[in-house]
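Here's a structure for you.
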Amino acid sequence: MAHHDSEHQHDPGHPHDHPHGDEHAHAATGPVADASVRVARESDAPAVGLVQATVWREAYAGVVPDEVVEAFEPPAFTRAWRTSLANPPAGAHRLLVACAGEQVVGFAAVGPSQDPDASPLTGELTAMGVHPHARRAGHGSRLLNAAVDTLRGAGADTLHAWVLATDEQTRAFFTRAGLAPDSAFRDRVVSPDGRTAREVRLVAAIGDTEQSTDNEQPTDTEQPSDTEQPSDTEQPGHSQP
């Protein structure tokens, strides 16, 4: 899962289309007015595609071959998100967007966990990112909180998130939010030549508000965290972080 941001984060235990062109994914400088999180609409696909392409390029630089990073283009992500939003996959899949005013500046995708050892009540934060121009404004915290609320509302009692083993910034963000590694890891193929990248799993109980991630107040030092093998044709909204 790829994800970037940084500042005070609201406790995630109290968490998880109007048109936007690509340019709307950039946040204006200065104080953020009317920051919010909402369910994405099909017309948000271009803005989400731009944010994801930008964040994924940062996250995977040096991890995957340059040609793979160069393939992280907004149009490819936009097409995948538009298709997913127009024809949502079965199950409790949701795409959430963080807004500064009316500008989409971040996103988070959640759904049922695809991990073989997960129970039917396990949800997953499959992808998350905040545009570099909108960081340090709390958007990452709000997205994580909304993601937890969304999964809990769908009946989930456990949250899973996968992050690159080398991504200390994202891991720190989620750890401050109350998630913890459970020793699970996986090596994902990330290039046509068979190169792999190791990911580690972080988990949290979210069924009971008193014991969920709302006991912590992390900072939005989110980095791209993606459980899907990075590619310009990946299907967002599935098991990605």
Side-chain angles (χ1 to χ4, degrees), residues 1-3 9-17 36-45 47-49 51-52 77-99 104 106-130 139-163 170 174 177-180 182 184 186 199 201-214 222 224-229 234-241:
M1 170 191 303
H3 162 212
Q9 176 166 316
H10 299 314
D11 51 72
H14 175 255
H16 100 44
D17 318 45
S36 63
V37 174
R38 60 171 172 78
V39 175
R41 297 185 279 264
E42 188 176 344
S43 55
D44 293 320
V48 175
V51 174
Q52 185 171 12
F77 288 114
T78 296
R79 287 191 297 271
W81 284 119
R82 184 174 281 127
T83 298
S84 181
L85 290 167
N87 302 286
H93 292 277
R94 295 290 184 276
L95 175 63
L96 307 171
V97 291
C99 300
V104 171
F107 73 98
V110 298
S113 174
Q114 303 301 307
D115 296 341
D117 59 346
S119 80
L121 298 182
T122 301
E124 186 169 327
L125 178 63
T126 61
M128 186 170 170
V130 174
H139 295 298
S141 305
R142 283 182 285 272
L143 279 168
L144 182 56
N145 292 344
V148 171
D149 272 349
T150 298
L151 290 171
R152 185 185 293 131
D157 62 10
T158 304
L159 171 67
H160 284 185
W162 289 89
V163 301
T170 296
F174 286 125
L179 286 83
D182 68 349
R186 63 189 183 190
E199 296 175 335
R201 188 170 68 185
L202 305 179
V203 304
I206 61 173
D208 183 337
T209 335
E210 293 300 320
Q211 297 180 3
S212 67
T213 54
D214 42 33
E222 327 140 8
S225 41
D226 222 63
T227 63
E228 285 271 308
Q229 143 181 358
E234 63 185 347
Q235 291 298 316
H238 299 283
S239 74
Q240 231 184 290

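Values below: all heavy atoms of this structure, side chains included; hydrogens, waters and symmetry mates excluded.
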What are the two closest non-hydrogen atoms of A156 and G123, and how far apart are they?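 So the minimum-distance heavy-atom pair works out to CB-N, 4.0 Å.
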According to side chain to side chain donor-acceptor pair (under 3.5 Å), who are the partners of N87, at least two apart in sequence or on a separate chain?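 Side chain to side chain donor-acceptor pair (under 3.5 Å) check on N87 returns nothing, list empty.
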side-chain contact (heavy atoms from CB on, under 4.5 Å) against A92, all qualifying residues, sequence neighbours excluded: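 If we apply the side-chain contact (heavy atoms from CB on, under 4.5 Å) test to A92, skipping adjacent residues, the hits are A154.
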Minimum heavy-atom separation for F107 and A127, please, with both atom names.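 Nearest heavy atoms, F107 then A127: CE1-CB, 3.8 Å.
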Just verifying a value: how many Å separate L125 CG and L179 CG, rounded to the nearest 0.5 Å?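 These two atoms lie 8.5 Å from each other.
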As an exercise, state the distance from OG1 of T158 to CZ of R152, rounded to the nearest 0.5 Å.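 If I round to the nearest 0.5 Å, the distance is 11.5 Å.
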Nearest 0.5 Å, what's the NE2-OG1 distance between H93 and T126?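 Rounded to the nearest 0.5 Å, the NE2-OG1 separation comes to 8.0 Å.
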Between V97 and V37, is any pair of side-chain heavy atoms under 4.5 Å apart?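 A side-chain contact is absent here, since even the closest heavy-atom pair is not under 4.5 Å.
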How would you list, by chain and number, every residue that makes a side chain to side chain donor-acceptor pair (under 3.5 Å) with T122, sequence neighbours excluded?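 Once residues adjacent in sequence are excluded, the partners of T122 under the side chain to side chain donor-acceptor pair (under 3.5 Å) criterion are S119.
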Do you know which two heavy atoms are closest between V104 and A47, and how far apart they sit?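 Answer, listing the atom of V104 first, then A47: CB-CB, 3.7 Å.
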Testing the basics here: between G178 and A204, what is the closest heavy-atom pair and its distance to 0.1 Å?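 Smallest interatomic distance, heavy atoms only, reads O-CB, 3.9 Å.
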Given the rule in the side-chain contact (heavy atoms from CB on, under 4.5 Å) test, do V39 and L96 qualify, once you have shown the distances and angles that lead to the verdict? CA-CA 4 Å; V39 175; L96 307 171; 4.1 Å; yes
Which atom pair, heavy atoms only, marks the closest approach of C99 to H139?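 Looking at all heavy atoms of both residues, the closest pair is O-CE1, 3.7 Å.
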Exercise: identify the closest heavy-atom pair between A109 and W81: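 Distance-wise, the nearest heavy atoms are CB-CH2, 3.8 Å.
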Heavy atoms, side chains only, cut-off 4.5 Å: are V48 and R82 in contact?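 Side-chain contact under 4.5 Å: no.
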CZ of F174 to CG of L144: how many Å apart, nearest 0.5 Å?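 The CG atom of L144 is 6.0 Å from CZ of F174, to the nearest 0.5 Å.
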With rounding to the nearest 0.5 angstrom, report the NE2 to CD distance, H160 to E124.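 Output value for this atom pair is 8.0 Å.
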Would you say that P112 contacts Q114 through its side chain, given a criterion of any heavy-atom pair below 4.5 Å between the two side chains?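 Sidechains of Q114 and P112: in contact.
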What distance do D115 atom CG and R201 atom CZ have between them, rounded to the nearest 0.5 Å?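 Here the interatomic distance stands at 5.0 Å.
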